[in-house]
Amino acid sequence: LIVRQYKAKGPLVRLLLPTVALDNALGIIVFGVAVAIAGILTGIGSNSDLTQNILFSLWEILGSIIIGFIIGIILTWINKKIKSEKDLLVLSVGLVLFGAGLSVPLNLSPLLLCMSIGSTFASITPQRDRMLFQIENFTPPIYIAFYTLAGINLHFSVIGQVGLLGLAYILFRVAGKIGGVWIGARLSHTPRQVSKYLKYALVPQAGIAIGLAMMASMTFPEFGAEIRTIILGATVIYELVGPFITKTCLIKAGETPCEIKETPV
């Protein structure tokens, strides 16, 4: 959203956007495995066998990718055949909701499945901008509802109990971003100008983390309030400083229009 708002273009943006997408996808995959292990350690869940839990997690991951790939192909076909913009919006939203609903009885990840739909569609269709334009007109009220529902679950009374853990989460996440980019840049010989700003441009955190926090709190209701408070509280901090940091990185990297560069930051 920040890249789009400031019409940023350049090597940093070309690396930033796929990095964020891969970061989200990897986060969902690791989350599935971590939930299985946490279920065994806490004794929560009907299955205490580690092997079966890992196999279940693999099915959740691979099944979500495969089903999302199939729906993505169907969505691509619809995008080619449907001429009406309104019909295209209705059918595309319907397919996404169908995929999310299908994930429940099949024990799949709705987040990963929908990411698979989007990545498949974007990879194989040359007319993805047409679909994206329709979806963008539909999403603002969903964003508002999503963050409102998430905010309802932010309990300030629990902050005192998880204060140190929440602070550690914030610090270690930022340290992980910085350290991960540094290591990756060294291994891939990424230009210093790009890696210098990429690590800080990854600070913002929102949708995927909140969605996973909601899923974790439902899976482990005994720890639900603590999980939600840590993630949502950290997200508030990240969203207060993250967009400003990312904007500054894009400007410093010289990837925004001239009129934006002249704006004090």
Side-chain angles (χ1 to χ4, degrees), residues 1 4 17-18 20-36 45-47 53 55-150 152-153 206-219 221 228 231:
L1 289 174
R4 188 178 305 150
L17 296 181
V20 170
L22 288 172
D23 182 43
N24 289 335
L26 183 61
I28 295 173
I29 292 172
V30 173
F31 173 83
V33 177
V35 165
S46 58
N47 191 357
N53 274 277
L55 291 175
F56 177 82
S57 297
L58 290 176
W59 158 247
E60 182 181 28
I61 294 166
L62 296 177
S64 300
I65 294 174
I66 293 171
I67 299 298
F69 176 75
I70 295 172
I71 296 177
I73 292 177
I74 298 173
L75 188 61
T76 301
W77 180 81
I78 289 176
N79 187 56
K80 292 180 181 178
K81 297 297 182 180
I82 300 297
K83 303 302 179 182
S84 169
E85 305 297 338
K86 292 182 179 179
D87 291 343
L88 178 63
L89 175 61
V90 171
L91 288 171
S92 60
V93 172
L95 267 180
V96 171
L97 294 177
F98 170 75
L102 191 63
S103 67
V104 176
L106 295 180
N107 294 314
L108 302 176
S109 168
L111 297 177
L112 186 58
L113 189 148
C114 289
M115 284 194 68
S116 180
I117 294 175
S119 61
T120 300
F121 175 81
S123 299
I124 65 178
T125 180
Q127 300 176 324
R128 56 182 178 270
D129 290 342
R130 175 176 176 240
M131 177 74 74
L132 289 175
F133 179 76
Q134 294 299 319
I135 296 296
E136 285 175 2
N137 291 332
F138 180 79
T139 51
I142 296 180
Y143 282 140
I144 294 172
F146 176 77
Y147 283 107
T148 300
L149 291 173
I152 291 174
N153 291 288
I208 293 296
I210 295 176
L212 294 178
M214 297 297 106
M215 294 172 63
S217 64
M218 290 186 291
T219 305
R228 290 192 301 267
I231 301 301

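Atoms OG and CG, from S64 and L108 in turn, are 4.0 Å apart once rounded to the nearest 0.5 Å. Here the CG-OG1 distance, from L212 to T219, works out to 10.0 Å after rounding to the nearest 0.5 Å. Rounding to the nearest 0.5 Å gives a distance of 11.0 Å between CG of L62 and OG of S116. Here the CG atom belonging to L17 is positioned 11.0 Å from the CG atom belonging to L22, to the nearest 0.5 angstrom.
Every residue meeting the side chain to side chain donor-acceptor pair (under 3.5 Å) condition with D23, not counting sequence neighbours, appears here in chain and number order: K177.
Contact between L111 and M215 at its shortest, heavy atoms only, is CD1-SD, 3.9 Å. Minimum interatomic distance between A25 and L112 (heavy atoms only, all atoms of both residues): O-CD1, 4.5 Å.
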Do any side-chain atoms of residues 86-105 form donor-acceptor pairs under 3.5 angstrom with protein atoms, and if so which ones, sequence neighbours left out?
from: S92; atom 1: OG; to: L88; atom 2: O; distance (Å): 2.9
from: S92; atom 1: OG; to: L89; atom 2: O; distance (Å): 2.9
from: S103; atom 1: OG; to: A100; atom 2: O; distance (Å): 2.5

Atom pairs and distances, donor-acceptor, side-chain atoms in residues 66-80, under 3.5 Å, two or more places apart:
from: T76; atom 1: OG1; to: G72; atom 2: O; distance (Å): 2.9
from: N79; atom 1: OD1; to: R130; atom 2: NH1; distance (Å): 3.4
from: N79; atom 1: ND2; to: Q127; atom 2: O; distance (Å): 3.4

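Looking at heavy atoms from C-beta onward, I28 lies in side-chain contact with M115 at the 4.5 angstrom threshold.
Without hydrogens or angle criteria, T125 side chain to A122 main chain gives no donor-acceptor distance under 3.5 Å. Distance alone, capped at 3.5 Å, is enough to place a donor-acceptor pair between the W59 side chain and the L106 backbone.
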